[in-house]
Amino acid sequence: KDIIFPLLKGKYIASCEGDDYWCTTDQLQLQHDFLEQSTDYVACACNSYILNMKTQKKMLLNSSDKPYVISLHDMISHWGHVVHLSNMMYRKDAVLKFYSEEQPEFLKLSTGIGDYPLSIFLAISGKFKYIPKVVSVYRYGTSGSWTEKNTHTSDHLVKMYRTLIKVLTSFDEYCNHQYHKEICEQINRYQLQIYREQKQYHEIKQQYGTLPVLSAWFTNMKTKIRR
């Protein structure tokens, strides 16, 4: 925010980090034209392929082949299967607070995981459109990438999930608990992942076994819990 953002002169921002790449020649024009014509939208996102660099298998990030307005619920609960930094374009004016010293507390807590809070921030700032066109490739597991460095051990994953819980807890306060139900459900999922990484299966049984949203996952864990 201190180096690149002050240099940006245009109306819109689109980013592509070094381990990902754009795979079309018209992405920027497509998204620019949409935002120019749809002034009530603050952002739009297309689709991406997720490319596993170890297996070379490729899959779609977003399974929908229909355009729709991305809700805050979508962003909180399904962010990793809805948008990716490489397929987004958003209005610079919409994120001035995000990149300023006056940024909300939940953004200050998000060190190292800026994509998720940015997407949430955009979703509460205005309408966010999904356009079902593949425009980029998210290379997962690239050597030296954020994902490879921060998710390859249980300790790293636990640290990441705890940070996400802090971010969402602070975001809940920022929104005056307007989205409390969705936020609590997602925090529960992250806490479940922490127990899972730490192999605390009896904690899972005690705290999550009766929650409908986790019942299918818990059923699959019964064998481990009995051991």
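Note that these values count all heavy atoms, side chains included, but never hydrogens, waters or copies made by symmetry.
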Parallel, tilted or perpendicular for Tyr41 and Phe34, by the 30°/60° rule?
-> perpendicular
Review point. Would you say the side chain of Lys181 lies within less than 4.5 Å of the side chain of Glu185, judging by non-hydrogen atoms?
Key: yes
- Message: With a 3.5 Å distance limit and no angle check, can you tell me whether Tyr116 reaches the backbone of Ile76 through a side-chain donor-acceptor pair?
- Response: yes
Review point. Would you call Cys46 and Ile131 a side-chain contact if the rule is heavy atoms closer than 4.5 Å?
Key: yes
*asked:* Within the structure provided, determine whether Leu60 and Asp65 are in side-chain contact (heavy-atom separation under 4.5 Å).
replied: no
Open item on the list: Please tell me whether Leu157 and Trp79 are part of a single hydrophobic cluster in this structure, the criterion being side-chain heavy atoms less than 4.5 Å apart.
Closed with: yes
Donor-acceptor check, side chain of Gln198 to backbone of Tyr195, threshold 3.5 angstrom: yes or no? no
> Considering only heavy atoms from C-beta outward, does the side chain of Val83 approach that of Phe128 to under 4.5 Å?
Replying inline: yes
- Item | Verdict with reasoning, Thr24 to Val134, per side chain to side chain contact (heavy atoms under 4.5 Å, CB included) | CA-CA 8 Å; Thr24 66; Val134 175; over 6 Å; no
field: Shared hydrophobic cluster for Val82 and Met89 (ILVMFWY, side-chain gaps under 4.5 Å)
entry: no
Tightest non-hydrogen contact, residues Asn62 and Ser64, listed as OD1-N, 2.9 Å
| query | Side chains of His84 and Ser86: donor-acceptor distance under 3.5 Å anywhere? | reply | yes
Counting C-beta onward and ignoring hydrogens, is there a side-chain heavy-atom pair between Met53 and Asp19 closer than 4.5 Å?
no
Backbone N or O of Lys54 within a donor-acceptor pair of the Asn52 side chain at under 3.5 Å? yes
Requested in this report: Could you tell me whether Lys92 atom NZ has more than 12 heavy atoms of other residues or ligands within 6.0 Å of it?
Outcome: yes
Residues passing the side chain to side chain donor-acceptor pair (under 3.5 Å) test with Glu197, sequence neighbours excluded, are Ser154
- [ ] Determine the interplanar angle of the Phe106 and Tyr174 rings, folded into 0 to 90°, and report it as parallel if under 30°, tilted if 30 to 60°, perpendicular if over 60°.
- [x] tilted
Tyr179 with Ile70, same ILVMFWY side-chain cluster at under 4.5 Å
yes
Would you say NE2 of His81 has more than 12 non-hydrogen atoms from neighbouring residues, nucleotides or ligands within 6.0 angstrom? no
The reported gap from NE2 in His177 to SG in Cys184 (rounded to nearest 0.5 angstrom) is 9.5 Å
Between Gly80 and Leu61 the two heavy atoms that sit nearest each other are O-CD1, 3.0 Å
Practice task
For residues Ser38 and Lys127, determine if any side-chain heavy atom of one lies less than 4.5 Å from a side-chain heavy atom of the other.
Solution key: no
Pairwise side-chain contact, Cys44 with Leu35, heavy-atom cut-off 4.5 Å (strictly under): yes
Output for pair (Tyr138 OH, Ser48 OG), nearest 0.5 Å, gives 10.5 Å
| said: Does either side chain, that of Asn47 or that of Tyr130, offer a donor lying less than 3.5 Å from an acceptor on the other one? | reply: yes
Compile the donor-acceptor pairs under 3.5 Å between side chains in residues 160-169 and protein atoms, sequence neighbours left out, one pair per line.
from: Thr163; atom 1: OG1; to: Lys159; atom 2: O; distance (Å): 3.0
from: Thr169; atom 1: OG1; to: Ile165; atom 2: O; distance (Å): 2.8

Contacts under 3.5 angstrom, residues 8-15 side chains, donor-acceptor by atom type, not counting sequence neighbours:
from: Lys11; atom 1: NZ; to: Glu36; atom 2: OE2; distance (Å): 2.6
from: Tyr12; atom 1: OH; to: Glu36; atom 2: OE2; distance (Å): 2.5
from: Tyr12; atom 1: OH; to: Arg91; atom 2: NH1; distance (Å): 3.3

Worksheet item: Just wondering, do Lys108 and Ser170 contact through their side chains at under 4.5 Å, heavy atoms?
Response: no
Common cluster, Met75/Ile183, ILVMFWY with side-chain heavy-atom separation under 4.5 Å: yes
Look at the side chain of Gln31 and the backbone N and O of Asn87, then say whether any donor-acceptor pair between them is shorter than 3.5 Å. yes
If Ile, Leu, Val, Met, Phe, Trp and Tyr residues are connected whenever their side-chain heavy atoms lie under 4.5 Å apart, and connections chain through other members, are Ile120 and Tyr68 in the same group?
yes
